[in-house]
Amino acid sequence: MRFAIFGDIHANLQALEAVLSDARTQLCTHYVCMGDIVGYNANPRECLAIIRELECPTVKGNHDEQASMIAEGEGFNALAEEAIQWTRQQLTADEKSWLRELRLQRQVRDFTIVHATLDTPHKWSYIFNQLDAATSFSYQHTGLCFIGHTHSPKAYVRDGSVRSMPLDILPLQQGKKYLINVGSVGQPRDGDWRSAYCIYDTTSNEVELRRVEYDIAGTQAAIHDAGLPAKLAERLEIGR
Ligand code: ZN
């Protein structure tokens with residue numbers, strides 16, 4: 001099996017289409033969505049329709065939660081908040097209830113998926129370093145776990161100690177635990193504007209990080225047309 005594992009799409013339709021088309025060329029057979037389908041960019045409904053059509057295992061992200069809440073939440077910065085209020089107005093009651101019912105974590109075959117962390121998935125904490133990763137590892141009961149949320153692809157391994165590892169192509173070894181951040185489809189923040197996602201090949205037992213170019217001008221035009229803050233369009237170019 002070849003799993004395409006992707007998340008933090010954030011309503012970027014052009015990026016999602018580019019990633020799915022790359023996954024098809026890479027002969028992926030299964031799809032897994034790490035959450036944050038909506039928020040920030042201008043095509044939440046279209047992105048949601050594509051994910052629902054895929055019928056793939058999906059976990060809830062903090063933007064999915066905020067966009068679908070019955071009472072308004074708090075804790076977002078001004079830019080994210082403006083976009084989430086706009087998103088809330090776009091989504092139908094059915095779309096919101098689909099988002100609301102997503103689970104925070106799931107097991108798919110032999111691996112776990114969670115948007116933020118395994119220790120406190122509902123608190124939306126961030127795994128930025130080995131220490132954060134170590135806390136999550138103590139709640140990880142599968143050899144492999146995928147996360148998102150920081151929008152920066154990264155791999156951690158636990159074999160006695162916890163360290164970070166390069167993620168271009170990562171061969172998985174027996175007896176070790178891996179925590180892999182698949183990066184972001186729709187708003188990368190590691191300084192590389194291209195969409196990120198991972199392919200997990202269960203035969204070769206490797207995880208590969210893919211970077212995919214997409215029609216960024218199309219995404220930016222949609223942001224302007226929707227009347228969303230121009231900053232949201234500008235940041236895509238620099239990958240921040
Ligand atoms: Zn996100």
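We count ligands from 1, going down the list as the structure has it; atoms in each ligand are counted the same way. Since the structure is predicted, the reported quantities are computational estimates derived from the model, not experimental observations. Side-chain atoms are counted along with the backbone in the values below, which use heavy atoms only and exclude waters and symmetry mates.
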Participant: More than 12 non-hydrogen atoms from neighbouring residues, nucleotides or ligands closer than 6.0 Å to OH on Tyr31, yes or no?
Facilitator: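 Counting other residues, nucleotides and ligands, OH of Tyr31 exceeds 12 neighbours.
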
Participant: Hey, what do you get for OG (Ser164) to CG (Asn181), rounding to the nearest 0.5 Å?
Facilitator: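 Output value for this atom pair is 12.0 Å.
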
Participant: Quick one: report the N, O or S atom of Asp36 that is nearest to the Zn ion (ligand 1).
Facilitator: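 In Asp36, the N, O or S atom with the shortest distance to the Zn ion (ligand 1) is OD2.
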
Participant: Please step through salt bridge (Lys or Arg N to Asp or Glu O under 4.0 Å) for the pair Arg211 and Asp190, ending with a clear verdict.
Facilitator: CA-CA 12 Å; Arg211 297 305 294 237; Asp190 60 336; 2.7 Å; yes

Participant: To 10 degrees, how wide is the angle NE2 (His10) to the Zn ion (ligand 1) to OD1 (Asp8)?
Facilitator: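 About 100°, to the nearest ten degrees.
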
Participant: Check all N, O or S atoms of His151 and name the one closest to the Zn ion (ligand 1).
Facilitator: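 The nearest such atom is NE2.
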
Participant: Would you say the ring centers of Phe146 and Phe111 fall short of 6.0 Å from each other?
Facilitator: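 So the answer is yes for these two rings.
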
